[in-house]
Protein chains: 2
Amino acid sequence: MQWDTREDCEVRQILDRVADKWSLLVIALLDRRTLRFTELKRAIDGVSQRMLAQTLRHLERDGLVSRVVHATVPPRVDYALTPLGVTLHETIRTLVTWTETHQNEIAAARTAYDRRIEAERLAAEREAAERDALAHDVLTAGQGR
Amino acid sequence: MQWDTREDCEVRQILDRVADKWSLLVIALLDRRTLRFTELKRAIDGVSQRMLAQTLRHLERDGLVSRVVHATVPPRVDYALTPLGVTLHETIRTLVTWTETHQNEIAAARTAYDRRIEAERLAAEREAAERDALAHDVLTAGQGR
DNA sequence: CAGTATCCTGACGGATACTG
DNA sequence: CAGTATCCGTCAGGATACTG
């Protein structure tokens, strides 16, 4: 795969949008259905009102999500995937499926890595202690004279 | 698609890693080949030494990228996708392909959106100006008495 | 070459308050 | 309900210097 890697190129900018934490979740949740602002907010644990609004604005701007305002009281705004958004949803879904499929492997890799690093840290510590002990011996011997 | 949306669940954490700006680019670049640190740094426009190192450390920890140190002078470190990383690369590639395929549609959507917003802004401005003019008329009439 | 360590700034994003 | 506006803290991440 060879593509334009310049920071200001189209692909990079779109990738940054897609790679966005909340965008990914919003698109994944709007799977063939319409959700209201509050429903999305409740569904996505940890998102603030501000960030959700901003994310939805961006997705709307990119033509991935449609925003329909109903002139009722109380107001009601429905969000849904556009046809373009649906095509992106397909590839997002494979990504989510991938994480579900491989989460155990990743968890195992993390544990193994952390253990290895910890072992290396201990080894380095032990080595340093030995060097110190040696230096101390030399010092003591010097004082003995 | 219905999954655990809690912020601290495995899938969310892995998704956050995958959704990371630099991770995505590194995985995409390590397509069936081995790259050295500096090669990656040169290939990814805009990444700092620090962020690249951090990203590679994370990917290594997750078992997606292998890191091989050659005991030569000058030192040489090769990064490559692990078998697990290759499987992720497949789905990342579809994502990149998607952005390439649809970048024109998105660019068009953005332009259209910006034009619409600008038009709405101008309309609101005009309306405000009219209200002001009306208020001024009332004021003038009042002073006339 | 391939990093780590340190410092420092800006923007991301949370909390709160207010509006249509 | 569905936002926008404002304030403000933190922490991601850039710049720089140093090391094996």
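Hydrogens, waters and symmetry mates play no part in the numbers below; they use all other heavy atoms, side chains included. Naming convention: chains lettered A, B, ... in sequence-line order (proteins, then strands); numbering from 1 in each chain.
The distance between atom CE of B/Met51 and atom P of D/dA12, rounded to the nearest whole Å, is 8 Å. Protein atom CG of B/Leu52 is 13 Å distant from nucleotide atom C1' of C/dC1, rounded to whole Å. Atom CD in A/Gln54 sits about 11 Å away from atom C1' in C/dA11, given to the nearest Å. Going from atom CZ of A/Arg57 over to atom P of C/dG13 covers 16 Å, rounded to whole Å. The separation between B/Trp22 atom CH2 and D/dG14 atom P is 6 Å, rounded to whole Å. Rounded to whole Å, the distance from CD1 on B/Ile44 to C1' on D/dG13 is 15 Å. Between the P atom of D/dG3 and the NE2 atom of A/His58 lies a distance of 14 Å, rounded to the nearest Å. Atom CZ of B/Arg42 is separated from atom P of C/dC1 by 8 Å (rounded to the nearest Å).
A salt bridge links B/Glu90 to B/Arg32: at least one charged side-chain nitrogen sits closer than 4.0 Å to a carboxylate oxygen. In this structure, B/Arg36 does not pair ionically with B/Glu39, as no charged nitrogen and carboxylate oxygen lie closer than 4.0 Å. Electrostatic pairing of B/Glu100 and B/Arg93 does not count as a salt bridge here, judged by no charged N lying under 4.0 Å from a carboxylate O. For B/Asp78 and B/Arg76, the salt-bridge test passes: some basic side-chain N is under 4.0 Å from an acidic carboxylate O.
Applying a 4.0 Å cut-off to non-hydrogen atoms, the residues of residues 60-81 of chain A that approach DNA chain C are A/Pro75, listed by residue number.
With C/dT6, D/dT6, C/dC1 as the candidates, the nucleotide lying closest to the side chain of B/Arg36 is C/dC1.
Listed for the B/Thr82 side chain is a donor-acceptor partner under 3.5 Å among the backbone atoms of B/Leu64.
The base of C/dT6 sits within donor-acceptor range of the side chain of B/Arg50, with an N or O pair under 3.5 Å.
For B/Leu56 and A/Ser48, each mapped to the nucleotide of DNA chain C holding its nearest heavy atom, the one lying further toward the 5' end belongs to B/Leu56.
By the criterion of side-chain heavy atoms lying less than 4.5 angstrom apart, applied directly or through intervening Ile, Leu, Val, Met, Phe, Trp or Tyr residues, A/Leu88 is not grouped with B/Tyr113; the two fall into different hydrophobic clusters.
A rotation axis mapping the C1' atoms of four pairs onto the next four is fitted at both ends of the helix from C/dC1-D/dG20 to C/dG20-D/dC1 over five pairs, and the angle between these axes is 50° to 10 degrees.
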Extract all donor-acceptor atom pairs below 3.5 Å that involve side chains of residues 43-54 of chain B and protein atoms in other chains or at least two apart in sequence.
residue : atom : partner : partner atom : Å
B/Asp45 : OD2  : A/Glu7  : N            : 2.9
B/Ser48 : OG   : B/Met51 : N            : 3.2

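Shown are A/Val96, A/Thr55, A/Ile92; of these, the side chain to side chain contact (heavy atoms under 4.5 Å, CB included) with A/Ile27 is made only by A/Ile92.
Residues A/Val18 and A/Leu24 approach most closely at O-CD1, 3.3 Å, considering heavy atoms.
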